[in-house]
**Student:** 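Just dropping this structure here.
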Amino acid sequence: MKEYNFREIEKKWHQRWVESKTYRVVEDETRKKFYVLNMFPYPSGAGLHVGHPLGYIASDIYARYKRQQGYNVLNPMGYDAYGLPAEQHAIKTGQHPEISTFANIDHYREQLDKIGFSFDWSREVRTCTPDYYHWTQWAFQKMFNSYYDEELQKAQPIERLIERFKAEGCWPESEQEQSDLLMNYRLAFMGETMVNWCPQLGTVLANDEVVNGVSERGGYPVEQKKMRQWCLRVSAYSQRLLDGLDTIEWSDSIKETQRNWIGRSEGTEVEIKVEGQDVDFTIFTTRADTMFGVTFFVLAPESELVNKVTTAEQRQGVDEYIKYVKSRTERERMIDHTVTGVFSGAYGINPITGDKCPIYIAEYVLAGYGTGAIMAVPAHDSRDYAFAKHFNLPIVPLVEGADVSEESYDAKEGIVTNSPVSEEKSVLYDGERLCLNGLTIKEAIAETKRFVKAHKLGRVKVNYRLRDAIFSRQRYWGEPFPVYYKKGIPTMIPEDCLPVELPAVEKFLPTETGEPPLGNAQIWAWDEQNRKVVDKSLIDEQTVSPIELYTMPGFAGSSAYYLRYMDPKNTEALISEKNANYWQNVDLYVGGSEHATGHLIYSRFWNKFLFDLGVSKKEEPFQKLINQGMIQGWSSFVYRLQGTQTYVSYDLLEVRYDNAAKKNRYFYNDVEADPIYADISTVSGNQLDTEKLRQWMPEFEEAEFVLNQQGQYIIGQAIEKMSKSKYNVVNPDDICENYGADTLRLYEMFLGPIEQSKPWDVAGIDGCFRFLKKFWALFWDKEGMLTVDDSEPSADSMKTLHKLIKKVSADIEAFSYNTSIPAFMVATGELSQQKAHSRKVLEPLVALIAPFCPHIAEELWEAIGATAKSESVCDAEWPAFDEKYLVESSVTLGVQFSGKVRFSMAFPADATPQQMIDQVMQAEESQRYLKDKTVVKQIAVPGRIVNIVVK
RNA sequence: GCCCAGAUGGCGGAAUCGGUAGACGCGUUGGUCUCAAACACCAAUACCGCAAGGUGUGCCGGUUCGAUCCCGGCUCUGGGUACCA
């Protein structure tokens, strides 16, 4: 038999695809488009691991399938090339980050090419190249020059706002004041905001880059700091970001995550007067029904009101408290929820009851949400309750039957009472008093809103948790801002001078004076007259001004890359009108769910802005989203006795659970052993190759091992995310080498549902490889000659084929690849049994497997001299399903007695229920189940079941 | 705490409409081939039982002729989020 020589086959077709530009995509108005996209990778030094291709393979199968259906499929790939690891590598080695980044990209490309993707590499983008970040800078400038018009609910040119200010007579004289005024409206603006400052990384971080109070990358502590930063007014789009979720096909869980992140809450703002002072403040509440239960007010420590309100006697205490709050890191605040706070000395007046209530300052109220001030209702809010108990403040229950002696009653269910307790406790407004007694909580909220609105005590307000994104970073390896400071006023470098290229620097660390790394750049000033970047020494504060030293964050370049693929070489625009109209938006986007509150929010925001500008043609960038699960790695541990070079086999250790640290600790003769990662290459099964470990890293050279009785060193194992630092990365290269790309593709899909995370396990890979060999064998006889002929296929073969077409088509549409591979296996077995050699069966079979295993498909397509006109199987028509081949004359069904299946029986396909029942009642097998029994009921559903209920 | 998803053999996982639970692969066992091993191929494989038969989709209950699937109540696991008023 002709051998399945995958190495030769795959090499041949990789060359062929490159030579004949098989995957080049050209806009073609006569064909329907389909846009498939993968989240582009960050090219890390560790290279591609087996987790990366999971999503790429899934989308490649879909792309190839759509292409065989006749769609013009755009399936591009590129690199998210700016990032912290490259910068840190540069700091360590002094080598420019571009060098390591490009080297990593080359390595990625080499690995990707082995797997046989149908990417159109002519459209590759890299976020760090000037021709790409030109348009990142351009979009930033557009945002700077736009504001969000609340009436039109869309972005508008800032000039319109200026005209309006002029018309209303509130346009200031000085340039500085004009700039300050507009900064409150621009979609990209400079703001003095509390930022997540990471001292170790020397930069600010966005909310989604902070996880559990430490930086996502590196895990360094993060503190709150007030800084002037570039921000994007993402919050302006809150409602549209929320509404858009209903129009896209994403998983419920990721939509829900985004809804929570946007955090819309409808509530009421109420104005509170401070007793004896000419100050009021506004509180926000979603529980307007509890106005009668307010016993104190609380301000956030960062609130500007704190200073105004604090009385002289309390000044010292308040100052000390503020100092204490500032000293706490984000992390400490998150972990430690002990009640802290201080009395300001002032009292606020409850406009509904007329009561005066003390105003406290406490860190449990956040400055960034609502108005930074709350009314506290300890009876019905657990946080207020804890605070009231701690400071001995009164607790007034307002819901019938609510017992608040032990804890607050937070539920929004029940009948309102005590509201008001008496007439004196309710202020008269225009002859009306608010009275909520007897209403449900829902009704009471609505009634209070009406009352507050009617008597101008406040307003109904919708708040969003979503914050504006901080858009500057104190780093080198990012997009430079196309901004200079003319007399201190941020000014845009003219659009036609873009891109402003990242300048060269000697050192990638911040300067000695604490400026960001770009402070090291000598040629970094803007000459207005000559319209170019010049040496800093020329700065004269007239026509030559300093350029921004910040760079843009990681999400800048990744927010609109999908648009650039539509027209990657365009030097005049981000995309041409023609290409934008043709490709519209991404039909299928594949990537990890970990981007739910980062990239996938920023991208939607960015696209909505470009949509308002008319550049993007669809309001939502990604119509359908599939989140591939993570492929986890098996991490291996060896256990080193503390203070020694002795490593003890896992099975000899005593494991104790440390409740305080919430982790296991290991002991050998009461000496503690620390788990240390060992590289998976030093391990086979659960045993360590001690020699390999000694050679792996110098720190193990002197290692001594305590082995178990069998003379083995057993390792500890854990399933974790694949990561370089855990030494559990399995790369796809070895699999390609040993089994071929087609087997790898098949196996990764066969592993389980695409959206599910699962540990990498090579155990089943042989099964996939065997299948491909069997599939290959369908086409050749013992002498290695083709067996394909032009004979008429048997009915059985046609049935097998069409069953397969139906199953595979439905599976691909549903991204359920793991179930279509078994279908191929079964069909292959059947066709082999049937000795099917007819071209009419085998040719469609090759077309069916092409999306999964393109190499073997191409080879067979060529070998059998496919009659279909397409040169490459990539363009082979997707076989049409025909029901007629599946029509059966009889149907075999399970026969149930009292709901229990007893035997199976063949029925004519067109039998009526009565005929089926009759047939069962007369059947010999039935008699034993009918004996001595009474028939209670007879049910038959054609094609489904027969059930005879007996007693 | 809140939100979301899930729980099926020794393992990964099928069952897409409420109708024969366990497809397919791995593993295991037996066999063929071989001097032998590997490869390959064939057969068996949910559990208990010699068998007839019985029990089985995390647990308890419900709806139904019939429930892995629908409803109510739990338990556990994974993920997200967390002073958001």
Side-chain angles (χ1 to χ4, degrees), chain A residues 211-213 251-261 263-265 267-268 283-288 290 298 300 333-337 339 362-366 368-377 380-384 386-387 410 463-467 593-594 596-597 627 629-630 719 746-747 750-753 755-759 761-771 773-774 807 810-811 813-814 816 818-826 829 892-905 928 935-941 943-950:
Chain A
V211 178
N212 289 328
S251 74
D252 289 340
S253 69
I254 216 159
K255 282 188 188 180
E256 201 54 32
T257 304
Q258 289 213 343
R259 282 194 193 102
N260 292 339
W261 190 257
R264 179 190 157 101
S265 92
T268 316
I283 58 96
F284 175 77
T285 180
T286 54
R287 288 296 300 275
T290 58
V298 188
R333 269 176 102 164
M334 273 167 72
I335 293 169
D336 173 22
H337 279 191
V339 177
E363 59 178 336
Y364 84 89
V365 172
L366 306 178
Y369 183 75
T371 57
I374 63 152
M375 63 180 210
V377 186
H380 301 292
D381 183 287
S382 53
R383 296 153 299 176
D384 297 346
F387 195 85
D410 289 17
N463 261 330
Y464 300 91
R465 205 185 75 116
L466 185 67
R467 314 286 174 82
S593 56
E594 66 271 22
T597 54
N627 301 114
M630 216 163 26
I719 295 175
L746 218 47
Y747 184 60
F750 185 62
L751 220 45
E755 308 215 53
Q756 194 172 301
S757 287
K758 54 232 153 191
D761 178 12
V762 288
I765 201 158
D766 289 303
C768 287
F769 187 56
R770 270 197 281 264
F771 157 70
K773 282 195 285 193
K774 284 180 199 163
K807 172 80 179 145
D811 279 347
E813 291 290 355
S816 166
N818 58 319
T819 59
S820 44
I821 292 161
F824 273 112
M825 292 175 174
V826 171
T892 304
L893 295 180
V895 176
Q896 300 179 353
F897 284 87
S898 296
K900 206 153 196 58
V901 177
R902 297 297 173 171
F903 55 88
S904 53
M905 187 182 246
R928 56 191 295 199
V935 174
V936 179
K937 203 166 181 179
Q938 297 165 315
I939 298 126
V941 184
R944 295 271 180 205
I945 203 82
V946 184
N947 188 9
I948 312 292
V949 184
V950 292

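For clarity, every value in this text was computed on a predicted model and none was experimentally measured. Below, read A as the first sequence line, B as the second, and so on, with proteins coming before strands; counting in each chain starts at 1.
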**Student:** For the C1' atoms, the ones on B:U68 and on B:U57, what distance do you get once it is rounded to whole angstrom?
**Tutor:** 5 Å
**Student:** Mind checking what makes side-chain contact (heavy atoms from CB on, under 4.5 Å) contact with A:Arg928, not counting sequence neighbours?
**Tutor:** none
**Student:** Specify the closest pair of heavy atoms between A:Ala300 and A:Val365, including all atoms of both residues, with the distance to one decimal.
**Tutor:** CB-O, 3.2 Å
**Student:** Let's see if you can work this out: which of B:C4, B:A85, B:U16 has an atom nearest to the side-chain heavy atoms of A:Tyr369?
**Tutor:** B:A85
**Student:** With rounding to whole Å, what would you report as the distance between B:U64 and B:G13 at their P atoms?
**Tutor:** 36 Å
**Student:** Can you build the contact string for nucleotides 21-30 of chain B? Use B for base contact, S for sugar-phosphate-only contact, and - for no protein heavy atom under 4.0 Å.
**Tutor:** S-BBSS----
**Student:** Restricting to side-chain hydrogen bond (donor to acceptor under 3.5 Å, both in side chains), what partner residues turn up for A:Tyr464, sequence neighbours left out?
**Tutor:** A:Gln239, A:Arg264
**Student:** Using whole Å, report how far CD1 of A:Ile939 lies from P of B:G66.
**Tutor:** 8 Å
**Student:** Would you measure the distance from the C1' atom in B:G78 across to the matching atom in B:C71 and give it in whole Å?
**Tutor:** 25 Å
**Student:** If the C1' atom of B:C65 is compared with that of B:U75, how far apart are they to the nearest Å?
**Tutor:** 32 Å
**Student:** Report the residues that fulfil side-chain hydrogen bond (donor to acceptor under 3.5 Å, both in side chains) with A:Ser904, sequence neighbours left out, ordered by chain and then residue number.
**Tutor:** none
**Student:** Using the P atom as the point on both nucleotides, what is the distance between B:G73 and B:C4, in whole Å?
**Tutor:** 13 Å
**Student:** Which stems does RNA chain B form, counting runs of 3 or more consecutive Watson-Crick or G-U wobble pairs with both distances under 3.5 Å?
**Tutor:** B:1-7 with B:75-81, B:10-12 with B:24-26, B:27-32 with B:40-45, B:46-48 with B:53-55, B:58-62 with B:70-74
**Student:** Mind checking what makes side-chain contact (heavy atoms from CB on, under 4.5 Å) contact with A:Val941, not counting sequence neighbours?
**Tutor:** A:Ile939, A:Arg944, A:Ile945
**Student:** Assuming nearest nucleotide by heavy-atom distance, tell me which of A:Ile945 and A:Asp381 is located more 5' along RNA chain B.
**Tutor:** A:Ile945
**Student:** Tell me every residue that passes side-chain hydrogen bond (donor to acceptor under 3.5 Å, both in side chains) with A:Arg287, counting only those two or more places apart in sequence or in another chain.
**Tutor:** A:Asp289
**Student:** Going from OG1 on A:Thr597 to CD1 on A:Ile254, what distance comes out if it is rounded to the nearest 0.5 angstrom?
**Tutor:** 9.0 Å
**Student:** For A:Lys758 and B:C11, give me the distance from atom NZ to atom C1', rounded to whole Å.
**Tutor:** 15 Å
**Student:** Can you tell me how far P in B:G10 sits from the matching atom in B:G56, rounded to whole Å?
**Tutor:** 16 Å
**Student:** Is the backbone of A:Gly629 close enough, under 3.5 Å, to the side chain of A:Ser757 for a donor and an acceptor to pair up by distance?
**Tutor:** no
**Student:** Look at all strands and tell whether A:Pro753 reaches a base, only sugar-phosphate, or nothing, counting heavy atoms closer than 4.0 Å.
**Tutor:** sugar-phosphate
**Student:** Quick one: list whatever passes side-chain contact (heavy atoms from CB on, under 4.5 Å) with A:Lys807, sequence neighbours left out.
**Tutor:** A:Asp811, A:Thr819, A:Ala823
**Student:** Check every atom of B:U81, B:A85, B:C3 against the side chain of A:Thr285 and return the nucleotide holding the closest atom.
**Tutor:** B:A85
**Student:** I want to check one thing: is the phosphate of B:G13, taken as OP1 and OP2, less than 4.0 Å away from some side-chain N or O of A:Gln756?
**Tutor:** yes
**Student:** Taking side chain as C-beta onward, heavy atoms only, is A:Phe771 less than 4.5 Å from A:Tyr747?
**Tutor:** no
**Student:** B:C17, B:C65, B:U81: which one has an atom nearest the side-chain heavy atoms of A:Arg944?
**Tutor:** B:C17
**Student:** Looking at the base of B:U16, is there any donor atom on it, or on the side chain of A:Lys807, that sits under 3.5 Å from an acceptor on the other one?
**Tutor:** yes
**Student:** Are the side chains of A:Thr290 and A:Asp381 in contact, using a 4.5 Å heavy-atom criterion?
**Tutor:** no
**Student:** Nearest-Å distance, CZ (A:Phe387) to P (B:C83)?
**Tutor:** 17 Å
**Student:** Rounded to whole Å, please give me the gap between CZ in A:Phe771 and C1' in B:A40.
**Tutor:** 18 Å
**Student:** What's the CZ-P distance between A:Arg465 and B:A85, to the nearest Å?
**Tutor:** 10 Å
**Student:** Output the single nucleotide from B:U81, B:G13, B:A85 whose closest atom is nearest the side chain of A:Thr286.
**Tutor:** B:A85
**Student:** With sequence neighbours left out, write down each residue that passes side-chain hydrogen bond (donor to acceptor under 3.5 Å, both in side chains) with A:Gln938, or none if nothing qualifies.
**Tutor:** none
**Student:** By nearest atom, which of the nucleotides B:A85, B:A14, B:U16 is closest to the A:Ser265 side chain?
**Tutor:** B:A85
**Student:** From B:U20, B:U16, B:A40, pick the nucleotide closest to the side chain of A:Lys773?
**Tutor:** B:A40
**Student:** Identify whether any heavy atom of A:Leu751 sits under 4.0 Å from a base atom; if not, whether one sits that close to sugar-phosphate; answer base, sugar-phosphate or nothing.
**Tutor:** sugar-phosphate
**Student:** How is A:Thr892 classified with respect to the nucleic acid when contacts are heavy atoms under 4.0 Å: base, sugar-phosphate, or nothing?
**Tutor:** base
**Student:** I want to verify the glycosidic state of B:G9; is it syn or anti under the 90° rule?
**Tutor:** syn
**Student:** Identify, with sequence neighbours excluded, every residue that meets side-chain contact (heavy atoms from CB on, under 4.5 Å) alongside A:Asn463.
**Tutor:** A:Ser265, A:Phe284, A:Tyr369, A:Lys461
**Student:** What distance, rounded to whole Å, do you find between the two P atoms, one in B:C48 and one in B:C42?
**Tutor:** 28 Å
**Student:** Enter syn or anti for the glycosidic conformation of B:C17, syn applying to angles within 90° of 0.
**Tutor:** syn
**Student:** Please give the distance between the C1' atoms of B:C24 and B:G49 as a whole number of Å.
**Tutor:** 29 Å
**Student:** Reading RNA chain B from 5' onward, which residue's closest nucleotide shows up sooner: A:Arg287 or A:Asp811?
**Tutor:** A:Asp811
**Student:** Over how many whole Å does the gap from A:Asp252 atom CG to B:G6 atom P extend?
**Tutor:** 10 Å
**Student:** Output all residues satisfying ring-ring contact (aromatic ring centres under 6.0 Å, His included) with A:Phe750, sequence neighbours left out; order by chain, then residue number.
**Tutor:** none
**Student:** Measure from CG on A:Asn260 to P on B:C4 and round the result to the nearest Å.
**Tutor:** 9 Å
**Student:** I need the minimum non-hydrogen distance between A:Ala376 and A:Val298, along with the two atoms involved.
**Tutor:** CB-CG2, 4.3 Å
**Student:** Please determine if a side-chain N or O atom of A:Thr257 lies less than 4.0 Å away from the OP1 or OP2 oxygen of B:G79.
**Tutor:** no
**Student:** Using a cutoff of under 3.5 Å, can you pull out all pairs of nitrogen or oxygen atoms linking the protein to nucleotides 52-55 of chain B, with atom names and distances?
**Tutor:**
from: B:G53; atom 1: OP1; to: A:Arg928; atom 2: NH2; distance (Å): 2.5
from: B:G54; atom 1: OP2; to: A:Arg902; atom 2: NH1; distance (Å): 3.4

**Student:** Could you check how far CD of A:Glu363 sits from P of B:C83, rounded to whole Å?
**Tutor:** 11 Å
**Student:** Taking only the side-chain nitrogens and oxygens of A:Tyr364, find out if one of them lies under 4.0 Å from OP1 or OP2 of B:A85.
**Tutor:** no
